Amino acid sequence: MTASTNPVMSFRRGGSAAEQAEKEANVSSGGRRGPDYFSLREDGASTVVRLLTDHDEWIWVDQHSFVPTKPGPKDAEKWPESMTSVCRYDKAFGGHYSDCYIDDAKIKNKWGKLASPRIRVWALAIERELVRGDGSEALGGPSMNGIVVGVRDKIDEIDELDAEGKATGIKLKYPRIIVINQPMKGFFSNLKALYGLYRTVCDRDFEITRDGTGTDTNYKIVPIDPIPELKPGTPAWEKYGQAVAEREISLDAIVADKASDEYYARFFDPSKTVDKDGNVVASGSAATTSGMVNLPAAAEAAAPAPDGTTGLPADLQARIRNLGAPAA
């Protein structure tokens, strides 16, 4: 019997721990489309979000940011100039990986500085939008024209897939789930302060506005009055948990994939590549790289096998299953 080659992940969680770790690090070092990532590209841009991942469940990891990618395949229509990656030496993987190409090769980021890992935090959220009166009676009448009268989910249309993974032509509508990946300083520390006030960050919407450009960027986070009918434990909240489950979105798997053999071979390590079958092989060779095990993408490793097993610890499976679901 072959031993499992999937890493047993135990991600570090909690906003307080992440904030403390970031401070310590700064002192010492100075088929179905997946969810979109939170992004406000211009100074002054804003959006509204509803956090699905509460303070104590935020995942935090050592992460390389803005790492230049290697040249893409010839048939690639678009190829990113730089990507982020989770450091393969992160404690979450328990020594599963014996290398980290970005660390070992002392790769520099797109600004020419060493792409040393820094603490970054991950969470899931729903992207929402403010609704303003348009003068109609349905939205408050003429007196509310141009005034905010409510908040609603943005909606994604996702292709329904058949048993063979092919689109059926039917579009399924879901609330727009996004992944937030930001540092504590300037982003999650603001949410942490609000958690200290409300004891949760899931019971209300937040309007987030970008302030600044480049590395000199902060985010202004303003809480919106809570909607009593929409918070963990209410029937309305269940649609979020259902959307996460039906779209098979696992925050743990998304984070782990950023450290996988396949991810590093595809985007960074020039000595390796990914063949048409998804195997990690030596560049220019059909053989597997010496010392490299053909692993499935971490996202696939976290998905249930036909027998219901996942290769993840039971408590981690439970967290994934309950992510965004109403509290008992």
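Sequence positions, counted from 1, serve as the residue numbers for this chain. Computed from a predicted model, the values in this text were never measured in an experiment.
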query: Going by heavy atoms in the side chains, are Tyr37 and Ser39 under 4.5 Å from each other?
result: no

message: Distance to the ring centre below 6.0 angstrom and angle to the axis at most 45 degrees; does that hold for Arg199 and Tyr195?
response: yes

Salt-bridge contact Glu157-Lys171 (side-chain N to carboxylate O under 4.0 Å): no

message: Can a donor-acceptor pair be found, under 3.5 Å and without considering hydrogens, that links the side chain of Arg204 to the backbone of Pro223?
response: no

- prompt: Is there a side-chain contact between Ile126 and Leu52 (heavy atoms, below 4.5 Å)?
  reply: yes

- prompt: Among the clusters formed by ILVMFWY side chains lying less than 4.5 Å apart, do Val255 and Tyr264 turn up in the same one?
  reply: no

message: Is the distance between the ring centroids of Phe187 and Phe38 under 6.0 Å?
response: yes

message: Quick check: do Pro183 and Phe188 have side-chain heavy atoms less than 4.5 Å from each other?
response: no

- prompt: Less than 4.5 Å apart, any side-chain heavy atom of Phe206 and any of Ile224?
  reply: no

message: For the NZ atom on Lys154, are there more than 12 heavy atoms of other groups (residues, nucleotides or ligands in this structure) within a distance under 6.0 Å?
response: yes

query: Under 6.0 Å from the six-membered ring centre of Tyr240 and within 45° of its axis: does the NZ or CZ of Arg50 meet both?
result: no

Aromatic plane relationship, Phe93 with Tyr97 - under 30° parallel, 30 to 60° tilted, over 60° perpendicular: perpendicular

query: Side chain of Asp277, backbone of Asn279: donor and acceptor closer than 3.5 Å?
result: no

query: Hey, does Leu124 have a side-chain heavy atom less than 4.5 Å from the side chain of Ile178?
result: no

Test item: Thr234 side-chain N/O and Glu229 main-chain N/O as donor-acceptor pair under 3.5 Å: yes

message: Between Thr69 (side chain only) and Pro80 (backbone N and O only), is there a donor and an acceptor less than 3.5 Å apart?
response: yes

- line: Which of Lys239, Arg247, Glu246 passes side-chain hydrogen bond (donor to acceptor under 3.5 Å, both in side chains) with Tyr174? Answer is Glu246

query: Salt-bridged, Arg88 to Asp99, with N to O below 4.0 Å?
result: yes

query: Can you hop from Val131 to Val148 via hydrophobic side chains spaced under 4.5 Å?
result: no

Check: Val48 and Ile208 side chains under 4.5 Å, non-hydrogen atoms: no

message: Is any side-chain heavy atom of Val49 closer than 4.5 Å to one of Arg128?
response: no

- request: Taking atom NZ of Lys108 as the centre, report whether more than 12 heavy atoms of other residues, nucleotides or ligands fall under 6.0 Å from it.
  value: no

message: Please check this pair: side chain of Trp60 against backbone of Trp122, looking for a donor-acceptor N/O pair closer than 3.5 Å.
response: no

- prompt: Between the main-chain N or O of Cys100 and the side-chain N or O of Asp104, is there a donor-acceptor pair closer than 3.5 Å?
  reply: yes

message: Between Tyr101 and Ser85, is the side chain to side chain contact (heavy atoms under 4.5 Å, CB included) condition met? List the steps.
response: CA-CA 11 Å; Tyr101 170 76; Ser85 69; over 6 Å; no

Asp54 side chain vs Asp56 backbone, donor-acceptor pair below 3.5 Å: no

- prompt: Within the distance-only criterion (no hydrogens, no angle test), does the side chain of Asp43 pair as donor or acceptor with the backbone N or O of Gly212 below 3.5 angstrom?
  reply: yes

